[in-house]
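To start, the structure itself, in structure tokens.
Scope of the values below: all heavy atoms of this structure, side chains included, with no hydrogens, waters or symmetry mates. Treat the numbers as computed from the prediction; the structure is a model and nothing was measured.
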Amino acid sequence: MTWVLATILLPLVGAAVVAGMKKNDRLATLTALVVSLLTFLLVIPMWASYAPAGDRIQQKSSMDWIPNFGIHISFGIDGIALVMIAVIGLLVPIVVGALGLTDKLPAGRSAGGFLSLILVQEALTIAVFAATDVFLFYVLFEIMLIPMYFLIGGYGGANRQYAAVKFFLYSFLGGLIMLASAIGAYSLASDKLGKGSFDWETLVTVVRDAPLGTQIWLFLGFFLAFAIKAPLVPFHTWLPDAAGQAPIGVAVLLVGVLDKVGTFGFLRYCLPMFPDASKELAPWVLVLAVAGVLYGSILAAGQRDMKRFIAYVSIAHFGFIALGIFTFNEQAMVGSVSYMLNHSLATGMLIVVVGLIVMRGGSTRISDYGGMAKVTPLLGGMLLIAGLSTLSLPGTNSFISEFLVLLGSFVDYPVYTIIATVGMVLAAAYVLWLYQRVMQGPVRGDALIGAGGGPGTAIAPELGATKAIKDLGGKEIAILAPMVVLIIALGFYPKPVLDTITPSVQATMSSVQGGK
């Protein structure tokens, strides 16, 4: 058994165990935490055994599924999939550990049911990144919607059902269109090889030789599915609703990880399989990417709800990622892949911090807060660190990613790059605006420093209800600490990540340049 298979199977087994603990929330939480930590520990030998200079796809495993149609249950990883699996392994223990600190489960709902869905989501997401059979990828792409649908619809906010259905229908429709293109690619393999195949490596060698018109139609099927998932403007409208209604822990996985399946799909499927179509349609994709940067930034600045604010910030960031991918420049593409990782860390931390604020204040509205740094200085510091990483301040993890994207993109697309740079200025404005409104200025209303329990607490009626507002405790600091360490460490020393992803990016570039 490979390390990849182990990281898929362990959360599934853990989910089955946790699901049976509906009457003991404490035991269910402890069990889920142990399972998620063990899964993360499995990533360490997976990373250690990965050879960046070796084969493009490593740690392969395969078994027949539907042999008459050339369908296999096949898994393997490249450097891009490896870093995304690693960030999933990191974020899930944080989500599990934060339960109760960032979210309260609805009345009558057990921790066992919630956490079992989280573990299933983890397993399916890892499997999506590791799948090397296109049909298997499609199946996992659709199945992974199910636990997320129930997590949003069963545990979210007042409009959770609307948000869950919208999320599901958008992604499901995109997946069906992708299936049509996958069948078209299968038919091309059948015509050329005498038998059909869904093997990714086989399809890359077959479909890339198809006429440009055929490539374009097949490319569009995959691209639409991934553009919805990413999400790129104008296919983004499901994200603000889903992120706004999802519980904090679910939003961490939704915005921090699941969306990356879209940008991963561009790199794994669209570019290598349809190189000529990718180059032909790249200018149109770049228009969408730059539009997303500006649109997401402008709308983020106007948001009144903190969770929707993060959703629009992410839409802007995904515009940067798409810009780096479709400029077909190695530096820019390396920047995009590292941005996928660093966005997960920065946004994941920002969502968790917002959850801690909301649990104290009882509201997601920005206008309901003010001056909290005077009452909760540690919490204010954590929001500042997450915000600075989000705006890509030098010394934080996101800076090198954004810098590489802009540096590489400017070579062939200076106009798009200059326009996208405006997004960096807007990012500084909207992030600092959020921090200033929530943490700085006078404490809202008649809050009394030191009232209700000594220094570090306050009575703030406008923060939900009259109650003591306390600063971060030991458990909350322990949850945030890994993300703080990585944000700073990767800001000053990104080499391990860049060395891992660069060969995979070079292989992708080689596939594109080898087109007709």
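- Leu151 contributes atom CG, which lies 6.5 Å from atom CD of Gln121 (distance to the nearest 0.5 angstrom).
- You'll find the side chain of Leu224 stays beyond 4.5 Å of the side chain of Met178, heavy atoms only.
- In this structure, the side chains of Leu239 and Ile315 come closer than 4.5 Å at one or more pairs of heavy atoms.
- For Val354 against Lys307, the heavy-atom pair with the smallest separation is CG1-CG, 4.4 Å.
- Formation of a donor-acceptor pair under 3.5 Å by the Gln245 side chain with backbone atoms of Gly156 is not found in this model.
- Between Tyr155 and Val250 there is no side-chain heavy-atom pair separated by less than 4.5 Å.
- Looking only at distances, no side-chain donor or acceptor of Arg437 sits under 3.5 Å from a matching main-chain atom of Leu434.
- For the atom pair CZ (Phe167) and OG1 (Thr237), the distance works out to 13.0 Å, reported to the nearest 0.5 Å.
- The aromatic rings of Tyr339 and His317 lie tilted to each other, with the angle between the two planes from 30° to 60°.
- Checking Tyr312 against His236 by side-chain atom types alone, no donor-acceptor pair falls below 3.5 Å.
- With rounding to the nearest 0.5 angstrom, the CG atom of Leu253 is 6.5 Å from the CG atom of Leu91.
- A donor-acceptor pair under 3.5 Å is absent between the side-chain atoms of Tyr435 and the main chain of Gln440, judged by distance alone.
- Judged by distance alone, with hydrogens and angles left aside, the side-chain atoms of Asn342 form a donor-acceptor pair with the main-chain N or O of Asn397 at under 3.5 Å.
- A donor atom on one side chain and an acceptor atom on the other are not found under 3.5 Å apart for His343 and Ser398.
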Inset, instruction - Decide side chain to side chain contact (heavy atoms under 4.5 Å, CB included) for Trp47 and Thr500; before the verdict, give the C-alpha distance in whole Å, the side-chain angles of both, and the deciding distance to 0.1 Å. - result: CA-CA 9 Å; Trp47 193 298; Thr500 299; 3.3 Å; yes
Inset, instruction - Please test Asp368 against Ser363 for side-chain hydrogen bond (donor to acceptor under 3.5 Å, both in side chains), starting from the C-alpha separation and ending with a verdict. - result: CA-CA 7 Å; Asp368 289 340; Ser363 172; 2.5 Å; yes
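- Among all heavy-atom pairs drawn from Leu258 and Met148, the shortest one is CD2-CE, 3.7 Å.
- Counting only N and O atoms by type, the side chains of Ser344 and Lys260 include a donor and acceptor under 3.5 Å apart.
- Note: Phe141 and Phe137 have tilted aromatic rings, judged against thresholds of 30 and 60 degrees for the angle between ring planes.
- Thr396 places no side-chain N or O within 3.5 Å of a backbone atom of Ser392 that could act as its donor or acceptor partner.
- Remark: Ile321 CD1 to Met340 CE distance equals 6.5 Å, nearest 0.5 Å.
- We find the CG-CG distance between Leu115 and Leu99 to be 5.5 Å, quoted to the nearest 0.5 Å.
- For Gln59 and Thr2, the side-chain atoms include no donor-acceptor pair closer than 3.5 Å.
- Note on Glu142 versus Lys229: no salt bridge recorded, every NZ/NE/NH1/NH2 to OD/OE distance being 4.0 Å or above.
- Counting all heavy atoms, side chain and backbone alike, Ala420 lies closest to Val293 at O-CG1, 3.7 Å.
- Between the side chains of Ser401 and Ser338, at least one donor-acceptor pair of N or O atoms lies under 3.5 Å.
- Within the structure, salt bridge (charged side-chain N to carboxylate O under 4.0 Å, His left out) pairs that include any residue of residues 165-178 comprise Lys166-Asp241 (at least two apart or interchain).
- Arg109 places no side-chain N or O within 3.5 Å of a backbone atom of Phe114 that could act as its donor or acceptor partner.
- Distance alone, capped at 3.5 Å, is enough to place a donor-acceptor pair between the Asp133 side chain and the Leu136 backbone.
- Tyr269 and Phe222 have parallel rings, their planes meeting at less than 30° on a 0 to 90° scale where 60° marks the start of perpendicular.
- Relative orientation of the Tyr149 and Phe168 rings is perpendicular, given thresholds of 30° and 60° on the angle between their planes.
- Atom-to-atom distance recorded for Ile126:CD1 and Thr39:OG1 is 6.5 Å, nearest 0.5 angstrom.
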